[in-house]
Amino acid sequence: MIKIQKEDFNSEEEINNIKKLYSNVGAITSFIGYVRDKNNNNKVQSINLEVYKDMAYKQLEKIITKARSKWNLIDCLIIHRYGKLNINSKIVFVTCFSEHRNDSFESCNFIMDYLKKDAPFWKNEFYDKKNEWLINSN
Amino acid sequence: MIKIQKEDFNSEEEINNIKKLYSNVGAITSFIGYVRDKNNNNKVQSINLEVYKDMAYKQLEKIITKARSKWNLIDCLIIHRYGKLNINSKIVFVTCFSEHRNDSFESCNFIMDYLKKDAPFWKNEFYDKKNEWLINSN
Amino acid sequence: MKIKYFAWIKEITSHEEEQIDSNEINNLDKLKIFIISKYPDLKKHLDQEILRFAVNQDYVVENIDLNKDDEIAVFPPVSGG
Amino acid sequence: MKIKYFAWIKEITSHEEEQIDSNEINNLDKLKIFIISKYPDLKKHLDQEILRFAVNQDYVVENIDLNKDDEIAVFPPVSGG
């Protein structure tokens with residue numbers, strides 16, 4: 001499932017809503033990305049996250065399909081927020097559900113790699129007196 | 001922080017309690033292990049998890065120390081349950097807090113590896129008409 | 001066809017969306033030429049291969065034919081996650 | 001010294017803990033011999049290197065000296081996580 005939303009989310013509830021569908025899930029790996037207080041030696045005040053929503057859904061679906069072809073995935077959840085986000089806010093949540101640990105770990109890392117490379121989101125970081133559009137390094 | 005407990009836990013709350021201490025945390029990787037409904041083609045009813053508590057604390061502390069020496073870890077939480085656990089129950093929760101993604105991912109996987117190898121817990125799995133002590137494969 | 005601009009590209013074009021209806025702009029290369037003539041500040045970014053193009057929500061690198069109801073997006077390298 | 005047994009080892013010894021106070025059992029190898037003589041069913045597991053030993057909550061593989069107030073644990077391969 002893919003959710004692109006402004007709102008915060010509760011990771012425990014999001015996981016339970018999916019976990020309760022599958023009694024064969026033995027392993028869940030989750031990644032949460034946050035807005036940090038500093039970046040490149042600048043003190044961050046907040047970020048504004050812009051998204052091309054239609055394309056983001058399409059590209060994230062593709063990434064999940066690719067992950068499913070490589071690992072035994074029972075289910076998968078991606079939540080990506082957009083809009084104004086203060087420091088300490090969650091930005092992204094990727095959770096992979098599988099029978100065994102290795103599948104959930106590797107697919108979660110794989111999805112994060114491709115999300116950072118292909119998903120059409122752009123961070124505009126606000127500092128004390130300026131702002132800057134970021135570029136992912138990978 | 002290491003918690004060895006019978007009780008269930010709320011992953012969102014456990015994460016927030018630590019995350020709120022550090023505004024430089026940008027990445028959290030978590031693993032949750034669950035009791036599955038099947039194992040080795042046997043239908044599982046429940047498991048009983050035995051622990052050597054004093055040694056578990058000591059060994060898990062050592063594993064965290066080793067992880068800290070290898071990666072830039074800001075903090076780390078391990079929760080391992082013991083006692084009678086029904087299917088779909090959480091067993092273990094490992095969460096690694098870091099500035100960047102790679103450190104949290106690799107340390108979380110590393111800690112799970114060593115936990116399964118060294119932490120003195122023993123699963124006694126109950127099926128319909130018998131029970132069996134498990135051995136971790138790695 | 002509909003053209004969408006994102007992030008700092010949008011700051012150069014001054015709007016996030018426009019409709020272009022010309023029978024002559026029938027492939028992506030022609031659209032690129034049209035865009036940099038309309039927004040000369042984009043030229044250096046196109047030359048430096050900083051601009052990304054998507055047609056109907058998929059990345060496109062090669063030149064491809066464009067149709068009237070296509071949605072084309074122009075944007076800089078992404079920074080999500 | 002205090003000896004603790006876990007998991008199915010405990011089912012063989014029929015108790016989870018016992019106190020052994022003998023001046024002769026002053027190292028781990030001697031303790032191993034004592035244990036398999038007291039619980040003959042443990043011998044094959046010791047021979048097959050299935051038994052794990054911990055002294056004061058640390059794994060021990062080599063023979064080491066034991067002291068009166070040591071806590072020694074005997075258990076099978078772990079299966080946590």
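Note on naming: letters A, B, ... go to the chains in the order of the sequence lines (proteins, then strands), and numbering restarts at 1 for each one. FYI, side chains are in, hydrogens and waters are out, and symmetry mates aren't considered; it's all heavy atoms of this structure.
Checking side-chain atoms of B/Trp122 against main-chain N and O of D/Pro76 turns up a donor-acceptor pair under 3.5 Å. Panel note: side chain D/Gln57, backbone B/Lys53; no donor-acceptor pair is recorded below 3.5 Å. Here the side chain of B/His80 pairs a donor or acceptor atom with the backbone of D/Gly81 at under 3.5 angstrom. A donor-acceptor contact shorter than 3.5 Å links the side chain of B/Asn136 to the backbone of D/Gly80. In this structure, the side chain of D/Lys4 does not engage the main chain of B/Tyr52 through any donor-acceptor pair within 3.5 Å.
The heavy-atom pair separating D/Val78 from B/Asp118 by the smallest distance is CG2-N, 4.2 Å.
No more than 12 heavy atoms of other residues, nucleotides or ligands sit less than 6.0 Å from atom CD of D/Glu49.
Of all residues in residues 85-97 of chain B, those placing a non-hydrogen atom less than 4.5 angstrom from a non-hydrogen atom of chain D are B/Ile91, B/Val92. For residues 59-72 of chain D, the interface with chain B (any heavy-atom pair closer than 4.5 Å) comprises D/Tyr59, D/Glu71, sorted by residue number. For residues 14-26 of chain D, an interface with chain B (any heavy-atom pair closer than 4.5 Å) does not exist. Contacts between residues 28-51 of chain B and chain D, defined by a heavy-atom separation under 4.5 Å, are made by B/Glu50, B/Val51.
Atom CH2 in B/Trp133 sits 7.5 Å away from atom OG in D/Ser79 (nearest 0.5 Å). With values rounded to the nearest 0.5 angstrom, D/Trp8 atom CH2 is found 14.0 Å from B/Asn131 atom CG.
Contact of the B/Met55 side chain with the D/Phe75 side chain is registered, since non-hydrogen atoms from C-beta on lie closer than 4.5 Å.
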Inset, instruction - Check the pair D/Asp58, B/Lys62 against side chain to side chain contact (heavy atoms under 4.5 Å, CB included), reporting the backbone distance first and the verdict last. - result: CA-CA 10 Å; D/Asp58 277 313; B/Lys62 277 191 179 183; 2.6 Å; yes
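With respect to chain D, the highest number of heavy-atom pairs below 4.5 Å among B/Leu134, B/Leu115, B/Asn124 belongs to B/Leu134.
Both the backbone and the side chain of B/Lys123 come within contact range of chain D, judged by heavy atoms closer than 4.5 Å.
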